[in-house]
Amino acid sequence: MDSFVIKGRQRLSGSIAVSGSKNSALPILAVSIMTGEACRFGNIPLLRDIQTQVKILNTLGVESVWKGREVRTQVKDTYNSTAPYELVKQMRAGVCVLGPLLAARGEAIVSLPGGCVIGERPIDLHLKGLEALGAEITLEHGNIHAKTPKGGLKGAEIYLGGKFGSSVLATDNVMCAAVMAKGTTVIECAACEPEVVDLANCLIAMGAKIEGAGSPRITIHGVKKLKAADWNVIPDRIEAATFVVAGAITQSPISITGCRPDHLLAFLDVLRQSGVVVERKGSTLKVVPGARPKATDFVTLPYPAFATDCQAQTMALMAIADGTSTITERIYPERFMAAAELKRMGAKISVANGTAVIQGVDKLSGAEVMASDLRASAALVIAGLAAEGETRISRVYHIDRGYERIEERLRKLGAKIQRQSVGGEETTAAAVG
Ligand code: EPZ
């Protein structure tokens, strides 16, 4: 397993381009199941999760060829509609093939995704929405068995909110299943995330009739069939936010290019409250070095509020802020894995009942730490960039799931970061894809 070794307190400079959105690409690649025509998907990030999704699609008879930032697909056969446990357990987002399989083939067997380190990852809302459309669903031996009734799926009015509010992938699955259902479907309390809008826009380009994506009420009028997809996914807002924090915590005048600042307004507002100056110019965000950030409180909630996927990275910034901050996690109340590792670096953080209280320290000190989940690992990289001395982060495969060659890109900004394999010698990121 690879590790990162970071020598901290290096000022960064220059600009970094944002990759395509992982959380857009994963559900959008799944719509290749819904058409018999050849599809092209562009701006696809070079990530392990994309590799897993391509494997799942090939298992489902969708020939998927990934070259650089493009994936081309063509349905070759439809006799296997089982997304296997060994792939779905690696990436729970594999559950997003459920709606497309039901819409296209009338049946799906998808492994129950199980939980992960950020908390229990239920799929009750996915199943509730699909059953509302008429799907017959049973859970057997760790698998979801879903079948459409004889007459096919029928449009319905569905309230899709859970105790944590809307669900991104449940909205995706139900929207995909409704696209070729008979009649009209209304999804109330739909997720409004930009990635849901990107998926809806891709489906509309394929001939689907969808209104209201990006609002809590999405209306879908069923159509008979879909044309080919030819779609470039949106930039990754979470990656953009991660790099903005890297600039803020190292007081570096870096520019983050090719992003969508309008997808990050809640995050940028929290940084503004902490006194971090980030200039917006078109698709570029530029960090303006200034005084030490001020402690700031924030709560994670469904979009357009502060994204839970930006929480750990921002906690790393609050760890060196002036004063005491509180972070309340309303999406995944246990999602504070970064805290324990940041404390090894001198951070003063206490976590209880879904809230972290962070008492800012003057500086962090480098230490041996362990990556645990994608965003907590990114927080450790950010902390390592700012810490005094050397930080060694083990199990960086977590980071490779969601950040493309992050160490090479940070090195280009002047960071002193190397990837080391278990043997200790430096390696470059395995070509993913
Ligand atoms: C998506 O996951 C993202 N993943 C996650 O990003 C992100 O953290 C999450 O949305 C929230 O924004 C992808 O898009 C691939 P949810 P998803 O369903 O759709 C509860 C990353 O780091 N819930 O919106 O699985 C759930 O427990 C990843 O890139 C139910 O109760 O998340 C959570 O508390 C991590 N029942 C809340 O809703 C359900 O059926 C939001 O989850 C589904 C979800």
Side-chain angles (χ1 to χ4, degrees), residues 19-30 45 47-50 52-53 56 88 90-99 110 112-132 137 139 144 158-176 187 189-199 216 233-234 236-242 263 266-267 300-313 329-335 337-338 354 371-379 398-404:
S19 308
S21 162
K22 164 181 84 81
N23 291 351
S24 226
L26 293 173
I28 282 180
L29 286 172
L47 300 172
R48 277 172 44 135
D49 275 5
I50 301 294
T52 306
Q53 187 72 323
I56 291 175
V88 176
Q90 290 174 37
M91 180 195 67
R92 57 175 308 288
V95 73
C96 69
V97 299
L98 191 50
V110 177
L112 273 163
C116 69
V117 283
I118 66 177
E120 201 219 333
R121 306 292 294 272
I123 56 160
D124 56 306
L125 298 173
H126 299 240
L127 305 185
K128 169 185 174 183
L130 297 175
E131 283 176 330
I137 291 179
L139 303 182
I144 305 156
I158 307 164
Y159 176 74
L160 212 50
K163 60 182 184 225
F164 296 96
S166 52
S167 160
V168 173
L169 290 183
T171 301
D172 292 351
N173 263 328
V174 176
M175 181 162 66
C176 286
I187 303 175
C189 196
C192 304
E193 273 71 2
E195 295 76 25
V196 174
V197 177
D198 204 20
L199 172 64
V233 303
I234 56 173
D236 194 312
R237 61 191 168 105
I238 310 301
E239 185 184 75
T242 304
H263 290 165
F267 163 77
T300 68
L301 284 163
Y303 193 88
F306 191 98
T308 174
D309 292 351
C310 298
Q311 179 259 107
Q313 303 91 312
E329 242 305 338
R330 286 256 191 277
I331 306 289
Y332 299 113
E334 294 113 60
R335 191 180 197 173
M337 284 70 59
S372 54
D373 84 287
L374 173 51
R375 308 302 174 185
S377 317
H398 288 290
I399 300 177
D400 294 333
R401 287 192 48 192
Y403 292 90
E404 201 181 296

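Only this structure's heavy atoms are used, side chains among them; waters, hydrogens and symmetry mates stay out. Just so you know, ligand 1 is whichever comes first in the structure, and atom 1 is the first atom listed for that ligand.
Asp400 places no side-chain N or O within 3.5 Å of a backbone atom of Arg48 that could act as its donor or acceptor partner. Counting only distance, with no hydrogens or angles, the side chain of Glu329 and the backbone of Tyr332 share a donor-acceptor pair below 3.5 Å. A donor-acceptor pair under 3.5 Å links the side-chain atoms of Asp198 to the main chain of Ile234, judged by distance alone.
In the model, Thr300 has no side-chain atom that pairs as donor or acceptor with a side-chain atom of Gln311 under 3.5 Å.
Distance from atom 25 (O) of ligand 1 to its nearest protein heavy atom, with residue and atom name: Arg92 NH1, 2.8 Å. Atom 28 (C) of ligand 1 has its closest protein heavy atom at Asp309 OD2, 3.7 Å. The nearest protein atom to atom 30 (C) of ligand 1, hydrogens excluded, is given as Pro122 CG, 3.4 Å; this is a heavy-atom distance. Remark: minimum distance from atom 15 (C) of ligand 1 to any protein heavy atom is reached at Asn23 OD1, 3.3 Å. Nearest protein heavy-atom neighbour of atom 22 (O) of ligand 1: Arg375 NE, 2.9 Å. Of the protein's heavy atoms, Leu125 N, 2.7 Å lies nearest to atom 40 (O) of ligand 1. Residue, atom and distance of the protein heavy atom nearest to atom 42 (O) of ligand 1 are Tyr332 OH, 3.6 Å. Scanning all protein heavy atoms for the shortest distance to atom 36 (N) of ligand 1 gives Asp124 OD1, 2.7 Å.
If you look at Lys22 next to ligand 1, the close heavy atoms, those under 4.0 Å, all belong to the side chain. For Glu195, no heavy-atom contact with ligand 1 is shorter than 4.0 Å.
Polar contact check, Leu374 against ligand 1: no nitrogen or oxygen pair lies under 3.5 Å apart. Any N or O atom pair closer than 3.5 Å counts here, and Thr308 shares no such pair with ligand 1. Among the atoms of Ile331, some N or O lies under 3.5 angstrom from an N or O of ligand 1. The shortest N or O to N or O distance between Arg335 and ligand 1 is below 3.5 Å. For ligand 1, one of its N or O atoms has an N or O atom of Val168 under 3.5 Å away.
Taking each of Gly161, Ser24, Ser167 in turn, the one with a heavy atom nearest to atom 18 (O) of ligand 1 proves to be Ser167.
Under the 4.5 Å side-chain criterion, counting only non-hydrogen atoms from C-beta, Val196 is in contact with Met175. Taking 4.5 Å as the limit, every side-chain heavy atom of Arg375 sits out of range of all side-chain heavy atoms of Thr308.
In this structure, Leu169 and Pro27 approach most closely via the heavy-atom pair CD2-CG, 4.4 Å. Ile56 and Gly94 make their closest contact through CD1-CA, 3.9 Å (heavy atoms, listed as atom of the first residue, atom of the second, distance). Residue Ala266 comes nearest to Ala305 through the heavy atom pair CB-C, 3.5 Å, listed as atom of the first residue, atom of the second, then distance.
The residues Lys22 and Glu239 are annotated as not salt-bridged, no charged nitrogen and carboxylate oxygen being separated by less than 4.0 angstrom.
Proximity to Ile123 (heavy-atom distance under 4.0 Å) selects the following atoms of ligand 1: 39 (C), 40 (O). Every atom of ligand 1 is numbered from 1 in the order shown, and the set under 4.0 Å from a heavy atom of Glu120 is 27 (O). Residue Leu169 has at least one heavy-atom neighbour below 4.0 Å for each of these atoms of ligand 1: 19 (O), 25 (O). Residue Ala93 has at least one heavy-atom neighbour below 4.0 Å for each of these atoms of ligand 1: 15 (C). Within ligand 1, counting atoms from 1 as listed, the ones closer than 4.0 Å to a heavy atom of His126 are 40 (O).
Using cut-offs of 30° and 60° for the angle between ring planes, the Phe306 and Phe267 rings count as tilted.
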